Protein chains: 6
Amino acid sequence: MSVVYTNVRRADPAVLEALARLGVATIHEAQGRTGLLGPALRPIYAGAHIAGSAVTVSLPPADNWMIHVAVEQCQAGDVLVVAPTSYSDAGYFGELLASSLAARGVLGLVIDAGVRDVRDLTSMRFPVWSKVIHAQGTVKETLGSVNVPVVCAGGLVNPGDVVVADDDGVCIVPRREAAAVLKASEAREAKEAKTRERLKKGELGLDIYDMREKLAQRGLTYRKGE
Amino acid sequence: MSVVYTNVRRADPAVLEALARLGVATIHEAQGRTGLLGPALRPIYAGAHIAGSAVTVSLPPADNWMIHVAVEQCQAGDVLVVAPTSYSDAGYFGELLASSLAARGVLGLVIDAGVRDVRDLTSMRFPVWSKVIHAQGTVKETLGSVNVPVVCAGGLVNPGDVVVADDDGVCIVPRREAAAVLKASEAREAKEAKTRERLKKGELGLDIYDMREKLAQRGLTYRKGE
Amino acid sequence: MSVVYTNVRRADPAVLEALARLGVATIHEAQGRTGLLGPALRPIYAGAHIAGSAVTVSLPPADNWMIHVAVEQCQAGDVLVVAPTSYSDAGYFGELLASSLAARGVLGLVIDAGVRDVRDLTSMRFPVWSKVIHAQGTVKETLGSVNVPVVCAGGLVNPGDVVVADDDGVCIVPRREAAAVLKASEAREAKEAKTRERLKKGELGLDIYDMREKLAQRGLTYRKGE
Amino acid sequence: MSVVYTNVRRADPAVLEALARLGVATIHEAQGRTGLLGPALRPIYAGAHIAGSAVTVSLPPADNWMIHVAVEQCQAGDVLVVAPTSYSDAGYFGELLASSLAARGVLGLVIDAGVRDVRDLTSMRFPVWSKVIHAQGTVKETLGSVNVPVVCAGGLVNPGDVVVADDDGVCIVPRREAAAVLKASEAREAKEAKTRERLKKGELGLDIYDMREKLAQRGLTYRKGE
Amino acid sequence: MSVVYTNVRRADPAVLEALARLGVATIHEAQGRTGLLGPALRPIYAGAHIAGSAVTVSLPPADNWMIHVAVEQCQAGDVLVVAPTSYSDAGYFGELLASSLAARGVLGLVIDAGVRDVRDLTSMRFPVWSKVIHAQGTVKETLGSVNVPVVCAGGLVNPGDVVVADDDGVCIVPRREAAAVLKASEAREAKEAKTRERLKKGELGLDIYDMREKLAQRGLTYRKGE
Amino acid sequence: MSVVYTNVRRADPAVLEALARLGVATIHEAQGRTGLLGPALRPIYAGAHIAGSAVTVSLPPADNWMIHVAVEQCQAGDVLVVAPTSYSDAGYFGELLASSLAARGVLGLVIDAGVRDVRDLTSMRFPVWSKVIHAQGTVKETLGSVNVPVVCAGGLVNPGDVVVADDDGVCIVPRREAAAVLKASEAREAKEAKTRERLKKGELGLDIYDMREKLAQRGLTYRKGE
């Protein structure tokens, strides 16, 4: 039952590079408001922004053995995604594992549990999105699996999916949809740029989005205060 | 049932300006330890400090339509206060709405739900106090109300009330009491300045506040350790 | 039942000084993965790192009277550890108390409740590890005890124990074990330095820690993806 | 600042009696989906169902002195509503206070905090809706107020408002709207009775509520599975 | 993007019937400790025990329109599984919808949100596993999908999967593995029956499971107390 | 570091028997409002009430091996107290372990984690106070210790301490203080019986406890409502 899948397909590097220039909110909207992992995942420092291919790890609570196994499966451009099989806030990951991943060109870690050595991780600019910061050590006793589908912070992640993460959180783009989502995201970005200019000049969203009639139809009424 | 109240009374700008120089903790104490919104509301970046008049929004979970309606009711010096009718952690608000509010001179947002685009909001220095950071998009389908009394993070906010917010959280001062609270806050501040000097020189609060006798009467005893 | 123990034994200053150069994660591991307080305790600003002797305070919810009593028991090199007798998120502690403690050379505060004035505390570099930031004021009506054993954020703290705190959280080292834990921590640190070099060069933890055989014995299998 | 308001107006007893036959969900809907207190409030035993006039208590965390003061203000048909000024899970209320309230004809307690003696309270059929069950004792040291507006579990309660509570939770009906809400609730109930009969016979809500066209207009599509 | 899949394959009725006699804990273990939904899902009354085929619903927060759509897709022996696209504690479901589902032979509801009318649901013995009980009403404004894969309380549910639920929670068995899991579960049950007899007679697990040597090898030591 | 202490001293059986007739709230008050474990611990069924000697277990998250070790250390009249070294909601304990403990005369289980098979445990009347009900299985890979001091749900438990548990929660009485606490509890009970009679007759706590003067001194004022 404990399996490591090797040779997992990754997304197109050009698409990844382009997605890394787009925000999580934009991408999430562009793919129909899907793919977000839960807001409990927070970056350990502000300003990181990555897009890479998911190497997934399913492992037991408070046992980080499988992360060591997963490192070997990682390539440059990957993002490690770690999900315990039941709730854990233990500190699965620190500066040594980050050094190992960084040496392979891994872009960052997404973990539905805890991390530690956050000062060192910040110094070395190895970004982590985690549920908690906790120095609590883990054991290396029980197997799990690498590159199987996992549910991480309430969202489904398949190995090879695109992981985009920034200060707003983490969004998963299915590998096969990555090019289409990129296109839709760029279109959204372009459209928003125009709206932004109008809003900055003081035009109202009520007018730009043509909402007044629909609001009135639904029954919105205006009254003078006091 | 969905109403927008216009022409709501605001607090005196001079009082607002003076309150903006005082901390949330001081003001909360000065008005008898009342008016604080719950600690789940946290600033998205450190260092912002505002005092303005509340424009309130009551709206459905994961539906931000009414924020677009509320923008039109905002004036320079206002603070938007948004409260869903049941729990929501969706991302109601991002950089486009902030651009629109900033164009009108709105000072910031207090929201008992989620926001997104926090990196952009930070760059443009548009402060937000929110329960969560979440890229999750919202719909525009269901009406709510603007400038009605709302319960936000466990505290009552009436339209036109003064909203003071800093790194400690958010405090509401009823509009009619604003001048009196300002006076009491400044008095408190002045008194604390004197105490601070004595404490820095090493005097003890036990002596400055004359606590020793009362402690003894209540039965406090001292014993040598070990 | 309300007692202040005076003359509590502190740890050896040389040991404290040496422990302050070691991280919470290292020390926690070196003493057999014990002593961590819960991850709900977070520093109010990043980068603080202290090691001192615990002066403990057991007090009622939303009543900070005993902190004033405890100040007098503090010496240079101490860390104040405050635990309410039932859950409280009130703001027990702010800039005035910090000024008083700083005047005595106290290194910081660990509190299983709330603090306020966090901007001032940050400016004066008085570090606090707390559960929450909350301006909510407290009263001075009910007694508690100073320098008794307390459970703080799920961990036991005895007066005089060593408190080490950094960006990863807070770890307690029993006073009598401090020298031994220091030694074990330094040994661990030295060993990790070597491992770090190998990992940075691209060697795998699987090989460095000799895990492959044990993993195979437990039944780990590798399969080709898709 | 600590005030007890006496002689507070209550709702019409006939209206209360009629409301007590209607469920919280029905009443909440009938008054436009407003008035619900948060779902953290749960009954300590199943099956209680009350409607009475609110006597409100605002008090400090872990201090139940004001409940003793409030008892005197209670009449037959009242419901005590207790809200601490900051978060508390202490056990403010037990069998002795319940005996006292029961002697006055009080119908039950709603408390945004903890209760104890739940076995006794259950035996004597004194219903309580609370956030938690906790034996933790409280002190009697600090004042609060009786019959002031309070925010309880996120909802506003004015003294004299109608409190309806059943296994679904607690709903507040403003005193002046009680008769109108009763009427609307009974109308809703009658209408639902007819719908229920049709549903039981196997008719679909899609048809009863005439939803098919609207769904299609919004873009709902049907596809054959697998 | 809003799709209803019809004609979804169900599990073999004979397998379902047999699984309904086995506990969630047994089945979860028998399929390799996988498939459990999170413990936040609790039954609204004790003693219900069902196994059926999942009809899944993905819908917006606080909007239950798609449940009405899903009813039509349900057959006798199904279990409705409802998951909002972001956190919601609203009361999506009550006695009217239950009457409609019961009329079609649906066995129960699993919902990662709130329900209401729990007293009625209990009387009619329509079991629900939900995150919360909340009377908060929902709207019917925004589309979702029926019979798509959903993440519910942290677990993945595909349409047609087997849903087993009892007082311990909810376990999902992939449709194609249902027969194999049934066999493994019955084997486990049989084995446990023998162990139970030995334990009841006072034999120790240490001996039955032959643990003593392994414990000693790992370094467990025994010392006399005090 | 993994030790099992044998031959731990228990409390006097006569004292245990007498304490089992007193409620947790009474005992907690009688020993100065100390000793309560946190309210997250809830009984799996209503009505159980036990007092026994603690056999304590410190173990890893999601690993129940040490419970098997602990069973052998249990005697008739004991209560097993289990605390993971970091947060876990896994289901450590079910009907087989309960059968084993029941065969030895153990009175019940207190666990700062999850249990499963709650229907069976209820049928066999083996009471458990746990944080959660969860079928999630555990492994048997990592050692812990038996009969060491543990922090359970925020409270300290030493082996041999008295554990009293009822519908209000769990209270720990230090073994050496058990007789004194019993005496104080019975005195409190007797006193409350008298107060109860007076309250039932309609006397007010304000008068029985002589509070009016003290309230007035503190500044309580009465005003006529509206």
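Every chain is numbered from 1, with letters handed out A, B, ... down the list of sequences. The model shown is predicted, which means the values in this text are computed figures rather than measured ones.
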Task: CG on B:Leu143 to CZ on A:Arg218, rounded to 0.5 Å - done: 7.0 Å

- [ ] Mind ranking B:Leu97, B:Val71, B:Asp117, B:Val146 by heavy-atom pairs under 4.5 Å with chain A and telling me who comes out on top?
- [x] B:Asp117

Task: Verdict with supporting geometry, A:Val81 and A:Val57, side chain to side chain contact (heavy atoms under 4.5 Å, CB included) - done: CA-CA 6 Å; A:Val81 177; A:Val57 188; over 6 Å; no

Open item on the list: To the closest 0.5 Å, what do you measure between CD (A:Glu177) and OG1 (A:Thr34)?
Closed with: 7.5 Å

Task: Proximal component of B:Leu96, with respect to chain A [non-hydrogen, under 4.5 Å] - done: both

TODO: Measure the CG-CZ distance between A:Asp167 and A:Arg42 for me, rounded to the nearest 0.5 Å.
DONE: 7.0 Å

Task: Under 4.5 Å from any heavy atom of chain A - which part of B:Asp89 - done: side chain

- [ ] Return the option, out of B:Thr142, B:Val69, B:Val115, with the maximum number of heavy-atom pairs under 4.5 Å with chain A.
- [x] B:Val69

- [ ] For A:Arg10 and A:Val8, indicate whether the former's side chain and the latter's backbone hold a donor-acceptor pair under 3.5 Å.
- [x] yes

- [ ] Select one option (side chain, backbone, both, neither) describing which atoms of A:Glu29 are under 4.5 Å from chain B's heavy atoms.
- [x] side chain

TODO: Return the orientation label for the A:Phe93 and A:Phe126 ring planes: parallel under 30°, perpendicular over 60°, tilted otherwise.
DONE: parallel

Open item on the list: For the interface with chain A, which of B:Gly91, B:Gly144, B:Gly137, B:Ala103 has the highest count of heavy-atom pairs at distances below 4.5 Å?
Closed with: B:Gly137

Open item on the list: Please identify, among A:Ala40, A:Pro39, A:Cys171, the residue contributing the most non-hydrogen atom pairs under 4.5 Å to chain B.
Closed with: A:Pro39

- [ ] Would you mind telling me which of A:Gly47, A:Gly38, A:Ala46 has the largest number of heavy-atom pairs within less than 4.5 Å of chain B?
- [x] A:Gly47

Open item on the list: Working to the nearest 0.5 angstrom, can you tell me the gap between B:Leu80 CG and B:Gln73 CD?
Closed with: 11.0 Å

Task: Heavy-atom contact with chain A under 4.5 Å, split by part of B:Thr138 - done: backbone

- [ ] Taking all non-hydrogen atoms of both residues into account, name the closest pair between B:Tyr92 and B:Ile111 and its distance.
- [x] CB-CD1, 3.6 Å

Open item on the list: Please classify the contact between A:Leu37 and chain B as side chain, backbone, both or neither, with a heavy-atom cut-off of under 4.5 Å.
Closed with: backbone

- [ ] Name the member of A:Glu203, A:His49, A:Lys200 that forms the most heavy-atom pairs with chain B at distances under 4.5 Å.
- [x] A:Lys200

Task: Largest heavy-atom contact set with chain B, pairs under 4.5 Å, which of A:Asp168, A:Leu220, A:Thr195, A:Leu204 - done: A:Asp168

Task: Part of B:Val139 within contact of chain A (heavy atom distance under 4.5 Å) - done: both

- [ ] Name the option with the most non-hydrogen atom pairs under 4.5 Å to chain A; the candidates are B:Ser100, B:Gly160, B:Ser145.
- [x] B:Ser100

Open item on the list: If I take atom CD from residue A:Gln136 and atom OG from residue A:Ser88, how far apart are they, to the nearest 0.5 angstrom?
Closed with: 8.5 Å

- [ ] Could you look at B:Arg104 and say if it's the side chain, the backbone, both or neither that has a heavy atom under 4.5 Å from chain A?
- [x] side chain

TODO: Mark yes or no for whether A:Thr122, through its side chain, and A:Val118, through its backbone, hold a donor-acceptor pair below 3.5 Å.
DONE: yes

